[in-house]
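See below for the structure under consideration.
Computed from a prediction, not measured in an experiment: that's the story for all the values here.
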Amino acid sequence: MEKLVINIPERKSTLVKQILKGLGVIIQQETHSNISAYKQKIAKISTWSDDDLKIFEGIV
């Protein structure tokens, strides 16, 4: 079986899910059951100050 991730516009989500279910596709809901692991994961995201970004000015 192949796993496929798709982004569906909010207003078309129900229709697309109905069509896929009719074709025998299993739809799994994304879960964040382990909140502490999720918090640890997003805590690793760094923030950059304006001074940090000055190094990139003029490169593009």
Seminar exercise, completed: In this structure, CD of Glu57 is separated from NZ of Lys54 (nearest 0.5 Å) by 7.0 Å
Problem set entry | Path from Val25 to Met1 over hydrophobic side-chain contacts below 4.5 Å | no
For this session: Flag yes if more than 12 heavy atoms outside Leu23 fall under 6.0 Å of its CG atom; otherwise flag no.
Result: yes
Exercise. Does Ile45 belong to the same Ile/Leu/Val/Met/Phe/Trp/Tyr cluster as Tyr38, with side-chain heavy atoms less than 4.5 Å apart forming each link?
Worked result: yes
Seminar exercise, completed: CG (Leu20) and CD1 (Ile26) are apart, to the nearest 0.5 Å, by 12.0 Å
Exercise. In Å and rounded to the nearest 0.5 Å, what is the CD1 to NZ distance from Ile19 to Lys12?
Worked result: 9.5 Å
Seminar exercise, completed: Heavy-atom closest pair (Asp52 atom, Thr47 atom, distance to 0.1 Å) is OD2-O, 4.4 Å
Seminar exercise, completed: Distance col, row Gln18:CD vs Ser13:OG, nearest 0.5 angstrom, shows 9.5 Å
